[in-house]
Number of protein chains: 2
Amino acid sequence: MSSIKQKSITLHDVAREAGVSLITASRALGNPDRVSEKTVARVQAAADAIGYIPNLLAGGLKSRRSRTVAALVPIISVQQFLPTIEALTAMLDREGYQLLLGQTGYDRAREAALLNSMVGRQVDGIVMAGLLDDTPAKARIRAAGIPVVETWDITDDPFDMLVGFSHLGVGRAVADYFLAKGWTRFGVATGDDKRALIRRQGFVDRIGHDVPTAAVPAPSNLGSGRQAGAELLTKDPSIRAIFCSSDTLAEGVLTEARVRGLRVPEDLAVCGFGGTSFSGHLAPTLTTVHVDGSRIGSEAGRILLARCRGETPEEPFIDVGFRVIERESTAGR
Amino acid sequence: MSSIKQKSITLHDVAREAGVSLITASRALGNPDRVSEKTVARVQAAADAIGYIPNLLAGGLKSRRSRTVAALVPIISVQQFLPTIEALTAMLDREGYQLLLGQTGYDRAREAALLNSMVGRQVDGIVMAGLLDDTPAKARIRAAGIPVVETWDITDDPFDMLVGFSHLGVGRAVADYFLAKGWTRFGVATGDDKRALIRRQGFVDRIGHDVPTAAVPAPSNLGSGRQAGAELLTKDPSIRAIFCSSDTLAEGVLTEARVRGLRVPEDLAVCGFGGTSFSGHLAPTLTTVHVDGSRIGSEAGRILLARCRGETPEEPFIDVGFRVIERESTAGR
DNA sequence: CTGTTAGCGCTTTCAA
DNA sequence: TTGAAAGCGCTAACAG
């Protein structure tokens, strides 16, 4: 197979084949209501017959709409964001938009570079996992007038639109829940990323005093979860309840507890974060803070597409909330 | 923030600012070796000063290179492919390419539609998770001369380039391993996707007779793994060794076995597939078939980029192989 | 080393 | 309802 691209079939060919002008062919395919039904049918037939595929770069150059949206995540393997990406992609696809994926690697220089690259690609919108970092790219995005949706976090000063929830609130809610259960000896197992540390902060604030903490590099995984669990249980064997910054981390703590002969929840209570589907199928089932990542993706897609169509979404600032789901790992009191 | 895009800063502005012609500015930024160092410096300075970001749509229209690559996966939440996507994205990014992500949803009509859309976006290459389905889009891709890398599978008749391994071989290897251990009562827990079923086929072939099988919908998860485990252990309590089509499924089977009071591996041996990082941190640690998904991504990126540069990769058909990693879940004989 | 010319394929604007 | 003209912002090809 040769990599030389033969000259492709253009709208010109379709027009000739259908016996109409270039622009009529364009309209027949793009704005069928502005052309007679008969003509539309003839152009459609011609396009199908010769296998025409419109060049979206050319169209986008003139119309200034690339029908492309950028999504930036730290690393794609951070499972948290997968349902969001999945829902976003599905929603965009339905409207003929495609998703450009970028990985910042938790690095603001790379984030800035990626954003510039996305601006250069004339994306019609940007969805961020998290808040936009304070880089020079910010000004360019504003200058270019590109709609942005920040997600999975909340702030008083959003760049543009936002779909998220309060991580501080999550930490507090878990602390309240633990306190309501009457426990007194707490620990935290956390990834070292910004939002996880904010959840920890909320937890500590509400508990009222500092709490033994094991921090592992983000993204956390089962192995680092076991490690964090081991660290906490070694450092302070009297710990009775552990708040984990992800369900995966929590699974590691559960595993480590089991290996050490600790019963959950009798000897140790464990709470995760994320509300992943697997959390309900562990043994014991895992208490977690559920966040509707899929909804974040579809809401973000919805308000972004609205703005792409030139509308002004009635509510460009959506708090999807969260809820503590009590399961076996903290039950029984 | 308004969605009206003000007229953007173009190369024209840079040229004027630097006091050179348009094309010299273009070369200074794109092919610096064809322009005097002094001019390059001046143009660079001008571009930086006014915050110029090149319009890649415009450049791509003329040069017929969009610096964009499409990656098609069934669903992004199928974890198997994440390391591949991650490595691919990272490699592309280093060369200034971006990744367009598409989800086929295991549906060939959607796959065909997505491929057409990607062709229309003038992608410079396509990476498929799995083999290209036999759709009309195939002919168009060939006609457009777009390089394609099929991954995670193998065939005698690849469309273009390929980086994968034999699923039949995986099934056989696990059967050989089980047989070498001297076991005789087998079961299979599998997702219902094509490649998982081929692995099962290889397993059954080598075992020499049909084997109790629990099939769950792809993508499999911890819950469906527990379900499959329950189904197998109920249907045939004498089962002694289970081959699972993913590590996640295997984790479900391990969990179900534990809940039922079965010891692994004493009462039941379990083997997964994928070689995910978590498999080594379960308790018991999970025997699995390791596949280097990250390498698949980087090799695919490498040969694809080579072709984008007009080179002919010396080896456009790479078998990355696999290997059975023995761990506690099948140890002890 | 630098510049001029001519488009890439499509859609907007204006006119019929 | 249809068409002609005029570019979108950039780069390939050829001159100078």
Side-chain angles (χ1 to χ4, degrees), chain A residues 4-43 47 50-68 96 119-124 144-145 310, chain B residues 4-43 46-47 50-68 96 119-122 124 144-145 310:
Chain A
I4 289 120
K5 306 189 181 180
Q6 35 248 80
K7 74 172 158 346
S8 45
I9 299 164
T10 74
L11 196 54
H12 208 92
D13 303 316
V14 177
R16 190 165 24 70
E17 188 75 9
V20 297
S21 77
L22 186 67
I23 182 58
T24 300
S26 170
R27 280 198 281 252
L29 299 175
N31 294 63
D33 25 320
R34 299 185 150 272
V35 179
S36 78
E37 265 186 43
K38 222 169 115 180
T39 310
V40 170
R42 211 165 60 234
V43 172
I50 65 179
Y52 170 69
I53 300 182
N55 182 330
L56 270 54
L57 294 197
L61 181 58
K62 185 68 189 175
S63 67
R64 308 188 138 291
R65 305 213 280 92
S66 63
R67 300 199 151 267
T68 288
V119 172
R121 285 191 158 77
Q122 313 297 114
V123 294
D124 294 336
Chain B
I4 287 120
K5 304 190 179 177
Q6 35 247 82
K7 73 172 158 345
S8 46
I9 297 163
T10 73
L11 195 53
H12 209 93
D13 303 315
V14 177
R16 188 165 25 70
E17 188 77 10
V20 296
S21 76
L22 187 67
I23 184 61
T24 300
S26 170
R27 280 197 280 254
L29 299 174
N31 294 63
D33 25 320
R34 300 186 150 270
V35 178
S36 79
E37 264 185 46
K38 221 170 119 183
T39 310
V40 170
R42 212 167 58 235
V43 173
I50 64 180
Y52 170 68
I53 301 182
N55 181 330
L56 270 52
L57 294 196
L61 181 58
K62 184 67 188 171
S63 67
R64 308 190 134 289
R65 306 213 280 91
S66 64
R67 298 199 152 266
T68 289
V119 172
R121 286 189 158 78
Q122 314 298 114
D124 293 338

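Remember, it's a predicted structure, so these values are computed and weren't measured experimentally. Here is how names work: the chains are called A, B, and so on, in the same order as the sequence lines, proteins then strands, and each is numbered from 1.
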With nearest nucleotides of DNA chain C determined for A:His12 and B:Val35 from heavy-atom distances, which residue corresponds to the more 5′ nucleotide?
B:Val35

Compare side-chain N and O positions of A:Arg64 against OP1 and OP2 of D:dG9 and report whether any pair is under 4.0 Å apart.
yes

Under 4.0 Å from OP1 or OP2 of C:dG9: is there any side-chain N or O of A:Tyr52 that close?
no

Whole-Å gap separating C1' (D:dG9) and CG (B:Leu29):
13 Å

Measure the distance from NZ on B:Lys62 to P on D:dC14 and round it to the nearest whole Å.
12 Å

Examine distances only and state if a side-chain atom of A:Asn31 and a backbone atom of A:Asp33 form a donor-acceptor pair shorter than 3.5 Å.
no

Nearest to side-chain heavy atoms of A:Ala58, which nucleotide of C:dT11, D:dC10, C:dC10:
C:dC10

Examine C:dC8: is either OP1 or OP2 under 4.0 Å from a nitrogen or oxygen in the side chain of B:Arg65? Give yes or no.
no

Going by the side-chain contact (heavy atoms from CB on, under 4.5 Å) test, name the single residue among B:Val40, B:Thr39, B:Val43 that passes it with B:Pro32.
B:Val40

Rounded off to whole Å, could you give me the CZ-to-P distance for the B:Arg67 and D:dC10 pair?
15 Å

OP1, OP2 of D:dA4 versus side-chain N and O of A:Ser21: anything below 4.0 Å?
no

Strictly below 4.0 Å: does B:Thr39 bring a side-chain N or O up to OP1 or OP2 of C:dT2?
yes

Please tell me if A:Thr24 has a side-chain N or O lying less than 4.0 Å from either OP1 or OP2 of D:dG3.
yes

When you get a sec, tell me which of C:dG9, C:dT12, D:dG9 is the closest nucleotide to the side chain of B:Asn55?
D:dG9

May I have the distance from A:Arg27 (atom CZ) to D:dA4 (atom C1'), rounded to whole angstrom?
11 Å

Would you kindly compare B:Gly19 and B:Ser63 by the position of their nearest DNA chain C nucleotide and give the one closer to the 5′ end?
B:Gly19

When rounded to whole Å, the CD to P distance for the pair A:Gln122 and C:dC10 reads 18 Å

Nucleotide nearest A:Leu61 when distance is taken to its side chain, options C:dG3, D:dC10, D:dG9
D:dG9

Could you please name the option among D:dT2, D:dA12, D:dC10 that lies closest to any side-chain atom of A:Ser36?
D:dT2

Which nucleotide wins on minimum distance to the side chain of B:Leu11, given the candidates D:dA13, D:dC10, D:dA4?
D:dC10

Quick one: does any side-chain atom of A:Arg121 pair with a main-chain N or O of B:Arg67 as donor and acceptor, under 3.5 Å?
yes

A:Leu22 side chain: which of C:dC10, D:dT11, D:dG9 is closest?
C:dC10

